[in-house]
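As structure tokens, the structure follows; a few thoughts come after it.
None of the values given here were measured: they were computed from a predicted structure. Chain naming here is simple, since letters A, B, ... match the order of the sequence lines and numbering starts at 1 in each.
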Number of protein chains: 2
Amino acid sequence: MSRTLAKVDYSEEEIRQAEIAKALGHPLRIKIIKLLSIQSCCCTGDLTAVFPLAQSTISQHLKVLKDAGLIQGNIEPPSVKYCLHEKNWPAAKQSFRQLFED
Amino acid sequence: MSRTLAKVDYSEEEIRQAEIAKALGHPLRIKIIKLLSIQSCCCTGDLTAVFPLAQSTISQHLKVLKDAGLIQGNIEPPSVKYCLHEKNWPAAKQSFRQLFED
DNA sequence: AATGTTCATCGCAAATATACGATATTTTTT
DNA sequence: AAAAAATATCGTATATTTGCGATGAACATT
């Protein structure tokens, strides 16, 4: 990896689609996205209450989704409310739907 | 990982969606899927001609897609023709579209 | 039988992902 | 100012992914 000399030329969109897919490539992150689709927002605490996983683990998964731009965290003391990213999520859906077109 | 004691209870569908996403989580595999969507079939040789990657590397990516059930390889001497998986690919699309519903 | 073609698999090295507990940070409440 | 609550981040261990070259297996051609 990155021992590669030649480079494959990927389009921006292909790279983005792979990024999105990678971020969704874990069942917990699928669950989180589904949850946010339904109830619009939740905070880390909500998730630690539901899942038998360390708080740090959940936080890390949230970070993956956040780094991929799929969710956004709005600080709302005393907690952080996570929502699907206002702009990026619709864009991600759009970009991804192309792959799944008939 | 798998050092975990407690288990999160994921539905079959969530697991499947994550599997699919994971398999698509690399730009080369996105490119391959796109290619197969357009031209229906190709063999490893076609891909090694197009991408500046070792034949073994490409074969490995094909294996990831095959293991995820997204493509199928039909032996057609002297080469192997890869296509989107007749049954699984439509099912995968369907399963995945749910995530991207409005 | 020997050679060539096409593809898969093995073995390796480096990078990344996953999970955890411990600790740091930030803000609220006492 | 001190304590509590909610998250993020760090450090660590293990597993998985990604890439390569080398080798193996299957079949066709010479």
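- A/K63 meets the side-chain contact (heavy atoms from CB on, under 4.5 Å) test with A/D67; sequence neighbours excluded.
- Under a 4.0 Å N-O distance rule, the pair A/E14/B/K34 qualifies as a salt bridge.
- The CG atom of A/N74 sits 16 Å away from the C1' atom of D/dA6 (whole-angstrom rounding).
- Residues A/D46 and B/V64 each lie close to DNA chain D; by heavy-atom proximity, the contact nearer the 5' end of the strand is made by A/D46.
- We find the CG-CG distance between B/L70 and B/L62 to be 11.5 Å, quoted to the nearest 0.5 Å.
- Applying the disulfide (SG to SG under 2.5 Å) test to pairs two or more places apart or on separate chains, those with a residue in residues 69-102 of chain A are A/C41-A/C83.
- When rounded to the nearest whole Å, the span between CD1 of B/I58 and P of C/dT9 equals 16 Å.
- Checking the phosphate oxygens (OP1, OP2) of C/dC7, a side-chain nitrogen or oxygen of B/S79 falls inside 4.0 Å.
- The CD atom of A/Q72 sits 16 Å away from the P atom of D/dT7 (whole-angstrom rounding).
- Nucleic acid contact for A/K81: none, since no nucleic acid atom lies under 4.0 Å from a heavy atom of the residue.
- By the 4.0 Å N-to-carboxylate-O rule, B/K22 lies too far from B/E19 to be salt-bridged with it.
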When you check every protein heavy atom under 4.0 Å of nucleotides 21-30 of chain C, what one-letter string (B, S, -) results, 5' to 3'? BB----SS--
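- Between A/F51 atom CZ and C/dT18 atom C1' the separation is 16 Å, expressed in whole Å.
- Residue contacts for B/S59: at a heavy-atom cut-off of 4.0 Å it reaches a base atom on one of the strands shown.
- Dashed line: the shortest gap from a side-chain N or O of B/K22 to OP1 or OP2 of D/dT16 is not under 4.0 Å.
- The nearest heavy atom of DNA chain C to A/G25 and to B/T48 marks one nucleotide each, and the one closer to the 5' end goes with B/T48.
- Rounded to whole angstrom, the span from the CG atom of A/L28 across to the P atom of C/dC20 amounts to 10 Å.
- Taking atom CD1 on A/I32 and atom C1' on D/dT7, their separation rounds to 14 Å, with Å as the unit.
- Phosphate proximity of C/dA17 to A/R29: absent, as no side-chain N or O sits under 4.0 Å from OP1 or OP2.
- Look at CG on B/L53: it is 12 Å from P on D/dT18, rounded to the nearest Å.
- A side-chain donor-acceptor contact under 3.5 Å links A/S37 to the backbone of A/I33.
- Between the CG atom of B/L62 and the P atom of D/dT18 there is a distance of 13 Å, rounded to whole Å.
- An OP1 or OP2 oxygen of C/dT6 is reached within less than 4.0 angstrom by no side-chain nitrogen or oxygen of B/Y82.
- In this model, the phosphate group of D/dG19 is approached by a side-chain N or O of B/H61 to a distance below 4.0 Å at OP1 or OP2.
- Interatomic distance, B/T44 OG1 to B/Y82 OH, rounded to the nearest 0.5 Å: 5.0 Å.
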